[in-house]
Amino acid sequence: MSSPYYLKGSPLNVRLNRVIGWLARHGLSLAGTAEMSVRGRKSGRMQRIPVNPHTYEGTRYLVSARGHSQWVRNMRAAGGGQLRVGRKVREFSAVELPDAEKLPILRTYLEKWGWEVNQYFQGVTAKSSDEEIIAAAPDHPVFRITVRK
């Protein structure tokens, strides 16, 4: 049995993520980015990471382009977190989607964010066939998020 797909960020990616997270934390969202905080499943401390919240048919989603990352594992345990852009902090709950429901979300996510994330999808792009995107779905967790008022 193989390990779940996860593509670790390069040192440059890690530095860029820190900058993008810092910008979002200070009120500058690049193309809709936000800083997500989720409680660590082992440490109990809030872990921060920049994310690209994605809206499809009026519902918001978080997609893990890099696969089964630490934030995904923490989200599964915590069931929600916070999104921040500047002083605006929104609490949310999260429900992971089954693979069978991911196709339209992944396709539209790749249409919007492909310029940034295509390298993590192992050759799958927004123009790939439904079958190719469905085959990639297990490698890319998707969470439907509901922002609490």
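On a predicted model such as this, the values are computed, not experimentally measured, just so you know.
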(request) Answer yes or no: is there a side-chain heavy-atom contact under 4.5 Å between Pro141 and His68? (result) yes

(request) Report yes or no: do Ile145 and Val95 belong to one cluster of Ile/Leu/Val/Met/Phe/Trp/Tyr joined by side chain heavy-atom distances under 4.5 Å? (result) no

(message) Taking Ser29's backbone N and O only, do any of them form a donor-acceptor pair with Thr33's side chain (distance below 3.5 Å, no angle check)?
(response) no

(request) Report yes if some heavy atom in the side chain of Arg148 is under 4.5 Å from a heavy atom in the side chain of Ser93; otherwise report no. (result) yes

(request) Might you point out which heavy atoms bring Tyr56 and Pro104 nearest each other, and give the distance in Å? (result) OH-CB, 3.3 Å

(message) For a 4.5 angstrom cut-off between non-hydrogen side-chain atoms, does Glu111 reach Thr108?
(response) yes

(request) Would you give the length of the straight line joining atom CG of Leu16 to atom OG of Ser10, rounded to the nearest 0.5 angstrom? (result) 7.5 Å

(request) Check whether any side-chain heavy atom of Thr125 sits under 4.5 Å from a side-chain heavy atom of Leu110, and report yes or no. (result) no

(request) Answer yes or no: is there a donor N or O on one side and an acceptor on the other, between the side chain of His26 and the main chain of Gly86, under 3.5 Å? (result) no

(request) Using a 4.5 Å cut-off on heavy atoms from C-beta on, say whether the side chain of Lys102 contacts that of Arg107. (result) no

(request) Could you grab the distance from atom CD1 of Ile20 to atom CD of Glu116, nearest 0.5 Å is fine? (result) 6.0 Å

(request) Considering non-hydrogen atoms only, spot the tightest contact between Val14 and Gly9 and give its length. (result) CG2-O, 4.1 Å

(request) Identify the two heavy atoms, one from Trp113 and one from Ala31, that lie closest to each other, and give their separation to 0.1 Å. (result) CH2-O, 2.8 Å

(message) Check for me, please, whether Leu103 and Phe121 land in the same ILVMFWY cluster - side-chain distances under 4.5 Å, paths through other members count.
(response) yes

(request) Measure the CG-CG distance between Asp130 and Leu106 for me, rounded to the nearest 0.5 Å. (result) 11.0 Å

(message) How long is the straight-line distance from OG1 of Thr146 back to CD of Glu91, given to the nearest 0.5 Å?
(response) 13.0 Å

(message) For a quick test of reading the model, state the closest non-hydrogen atom pair linking Gly123 to Ser128 and the distance between them.
(response) O-OG, 4.0 Å

(request) Identify the residue among Arg41, Arg39, Arg45 that makes a side chain to side chain contact (heavy atoms under 4.5 Å, CB included) with Ser43. (result) Arg45

(request) Rounded to the nearest 0.5 Å, what's the gap from CZ on Arg48 to CZ on Arg18? Could you check? (result) 11.0 Å

(message) Quick one, Glu96 and Met75 - any side-chain contact, counting heavy atoms below 4.5 Å?
(response) no

(request) Flag yes if Leu83 and Val38 sit in one hydrophobic cluster, no otherwise; membership is Ile, Leu, Val, Met, Phe, Trp, Tyr, and two members link when side-chain heavy atoms are under 4.5 Å apart. (result) yes

(request) Check the pair Lys8 / Arg66 against side chain to side chain contact (heavy atoms under 4.5 Å, CB included), numbers first and verdict last. (result) CA-CA 7 Å; Lys8 185 177 179 177; Arg66 293 179 186 269; 6.0 Å; no

(request) Indicate whether the side chain of Ser129 and that of Glu132 have a donor and an acceptor atom separated by less than 3.5 Å. (result) yes

(message) Measuring only between side-chain heavy atoms, which start at C-beta, is Ser64 closer than 4.5 Å to His140?
(response) no

(request) Under the side chain to side chain contact (heavy atoms under 4.5 Å, CB included) rule, what do Thr59 and Arg144 come out as? Steps first, then yes or no, please. (result) CA-CA 7 Å; Thr59 301; Arg144 181 179 46 250; 3.5 Å; yes

(request) For residues Tyr109 and His54, establish whether the separation of their ring centroids is below 6.0 Å. (result) yes

(request) Evaluate the side-chain proximity of Glu35 to Gln82: yes if any heavy-atom separation is below 4.5 Å, no if none is. (result) no

(request) Could you walk me through whether Asn74 and Gln47 pass side chain to side chain donor-acceptor pair (under 3.5 Å), step by step? (result) CA-CA 9 Å; Asn74 290 337; Gln47 307 293 315; 5.5 Å; no

(request) Would you kindly confirm whether Ile49 and Trp22 end up in one hydrophobic cluster when ILVMFWY residues are joined by side chain heavy atoms under 4.5 Å apart? (result) no

(message) Return the CG to CD1 distance between Asp99 and Ile133, rounded to the nearest 0.5 Å.
(response) 13.5 Å

(request) Go through the steps to decide whether Leu62 and Phe92 satisfy the test side chain to side chain contact (heavy atoms under 4.5 Å, CB included), and finish with yes or no. (result) CA-CA 11 Å; Leu62 293 174; Phe92 68 89; 3.9 Å; yes

(request) Please lay out, stage by stage, how Tyr6 and Tyr120 fare under the test side chain to side chain contact (heavy atoms under 4.5 Å, CB included). (result) CA-CA 9 Å; Tyr6 172 65; Tyr120 309 125; over 6 Å; no

(request) Following the transitive rule for hydrophobic clusters with a side-chain heavy-atom cut-off under 4.5 Å over Ile, Leu, Val, Met, Phe, Trp and Tyr, establish whether Val51 and Tyr61 coincide in one cluster. (result) no

